[in-house]
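Take a look at the structure set out below.
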2 protein chains.
Amino acid sequence: MQADIRNILKRNQLSVTASREKILHLFLEQSGALAHGDIEKRAGEKFDRVTVYRTLQTFVEKGIIHTIPTADNSVRYALCKDNCEAGHHHDQHIHFVCSHCGQTFCLDDVVTPEIKLPRGYSTNHIEVVVNGICRECTA
Amino acid sequence: MQADIRNILKRNQLSVTASREKILHLFLEQSGALAHGDIEKRAGEKFDRVTVYRTLQTFVEKGIIHTIPTADNSVRYALCKDNCEAGHHHDQHIHFVCSHCGQTFCLDDVVTPEIKLPRGYSTNHIEVVVNGICRECTA
DNA sequence: ATCAAAAAAGCAACAATGTTGCAAATATTT
DNA sequence: AAATATTTGCAACATTGTTGCTTTTTTGAT
Ligand SMILES: [Mn+2]
Ligand SMILES: [Mn+2]
Ligand SMILES: [Zn+2]
Ligand SMILES: [Zn+2]
């Protein structure tokens, strides 16, 4: 695990630092998405807020994590499982927000549907967020 | 128009005030969605920031406007055109964000697709946000 | 292992955004 | 027109995000 983390950082030409290792660790051990706040809470050792912001930004830029759209004002981040590259994400999966536990999940196996748009609109990227009850909360 | 505005407010059991009229006016004359900031800029007369927040919140609660999910941290609002009621929205259309002009539009005629989820997940509501180039910017 | 250069972390100060309580102003009802 | 109910604006505060700069850590080469 610790080796994986180092590999991911190395592969993306990022120097290996305590905060990057820790934050990446949080994403790897977690099935759902994380918001900035979650990370600060769970980090254990206290990293500066600025460091967390900068780390998340770096990870997004490198294509290690991606943001998930929400209707409220909270940005959530999750690991990219597709082969995203620096500056060019191409996740094609949908996202699921559980209204019971509040968690957000990437449903990597559910591909975003085709959308037929009116004349004059061209599509670049499609985001689908499904709200409902997740598997854990149903059982 | 001014009559329409009063009607909408009355119908929703809201008292008719300058700020509510103005803000509703902004939504009616505008094809795209508006963020809190847009409203403050375009309002002309200066309403207190708090008033704008509270007005938007009231409008959402009454089902007059709805929020639109975005991956960055900006909440956008648009008129509900379906028959949304207080405390219960049921818009079924998708949203389009133009990466050229930055505007966000409700595509009221494009219905959200069915999504087949894995076992254990149940669906309550689906949000689709398409990113691309809008009609205006294509022409 | 040691050192120099490069990169990141932490700190402080600030900006932007959102929230709350309350008094004054406005709208509605009688 | 007056009484009541509601909304507004203000002030104060909380939270979230940003920027410049100094110190610390990491890296890559000796
Ligand atoms: Mn995802
Ligand atoms: Mn809409
Ligand atoms: Zn759940
Ligand atoms: Zn456009």
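What you see is a predicted model; the values in this text were computed from it and never measured. Just so we're on the same page: letters track the sequence lines, and every chain starts at 1.
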Heavy-atom neighbours of K46(A) NZ exceed 12 at 6.0 Å:
yes
Along DNA chain C (nearest heavy atom to each residue), the more 5'-positioned of V75(B) and V16(B):
V75(B)
Below 30° counts as parallel, above 60° as perpendicular, anything between as tilted: where do the rings of H95(A) and H66(A) land?
tilted
Kindly assign one of parallel, tilted or perpendicular to the pair F96(B) and Y121(A), based on the angle between their ring planes and the thresholds 30° and 60°.
perpendicular
Nearest of [options] to any side-chain atom of [X]?
| X | options | result |
| --- | --- | --- |
| Y53(A) | dG17(D), dA8(C), dT17(C) | dG17(D) |
| V50(B) | dA8(C), dC11(C), dA11(D) | dA11(D) |
| H36(A) | dA9(C), dT20(C), dG17(D) | dG17(D) |
| D48(B) | dG17(D), dG9(D), dC11(C) | dG9(D) |
| L14(B) | dG18(C), dT7(D), dT20(C) | dT7(D) |

Any side-chain heavy-atom pair from P69(B) and R76(B) closer than 4.5 angstrom?
no
Decide yes or no for L14(A) and I8(A): does some side-chain heavy atom of the first lie under 4.5 Å from some side-chain heavy atom of the second?
no
Give the rounded distance in Å between these two atoms: [atom1] of [X] and [atom2] of [N].
| X | N | atom1 | atom2 | value |
| --- | --- | --- | --- | --- |
| R49(A) | dC11(C) | CZ | P | 12 Å |
| K46(A) | dA9(C) | NZ | P | 17 Å |
| K22(B) | dT8(D) | NZ | C1' | 18 Å |
| D72(A) | dG18(C) | CG | P | 11 Å |
| Q13(A) | dG28(D) | CD | C1' | 15 Å |
| Q57(A) | dA8(C) | CD | P | 12 Å |
| R20(A) | dT25(D) | CZ | P | 15 Å |
| R76(B) | dT17(C) | CZ | P | 12 Å |

Locate the shortest heavy-atom distance separating [X] from [Y]; write the atom from each residue and the value.
| X | Y | value |
| --- | --- | --- |
| T112(B) | I126(B) | CG2-O, 3.8 Å |
| K10(B) | V16(B) | CE-CG2, 4.1 Å |
| C106(B) | I68(B) | SG-CD1, 4.4 Å |

Applying side chain to side chain donor-acceptor pair (under 3.5 Å), run through E40(A) and H36(A) and close with a yes or a no.
CA-CA 7 Å; E40(A) 281 198 79; H36(A) 174 95; 2.8 Å; yes
Over its full length, what angle do the end axes of the helix from dA1(C)-dT30(D) to dT30(C)-dA1(D) make, each axis taken from five pairs and the result rounded to 10 degrees?
40°
For dT16(D), does OP1 or OP2 lie under 4.0 Å from any side-chain N or O of N73(B)?
no
Taking only the side-chain nitrogens and oxygens of T51(B), find out if one of them lies under 4.0 Å from OP1 or OP2 of dG9(D).
yes
I'd like to know if R54(B) reaches the base of dG9(D) with its side chain such that a donor and an acceptor end up less than 3.5 angstrom apart.
yes
Kindly give the atom pairs (protein nitrogen or oxygen, nucleotide nitrogen or oxygen) under 3.5 Å for nucleotides 1-3 of chain C.
none

Residues 128-139 of chain A side chain polar contacts: donor-acceptor under 3.5 Å, at least two apart:
from    : atom 1 : to      : atom 2 : distance (Å)
N131(A) : OD1    : N124(B) : ND2    : 3.3
T138(A) : OG1    : C134(A) : O      : 2.9
T138(A) : OG1    : G120(B) : O      : 3.0

First of S15(B) and T17(A) reached from the 5' end of DNA chain D, by closest nucleotide:
S15(B)
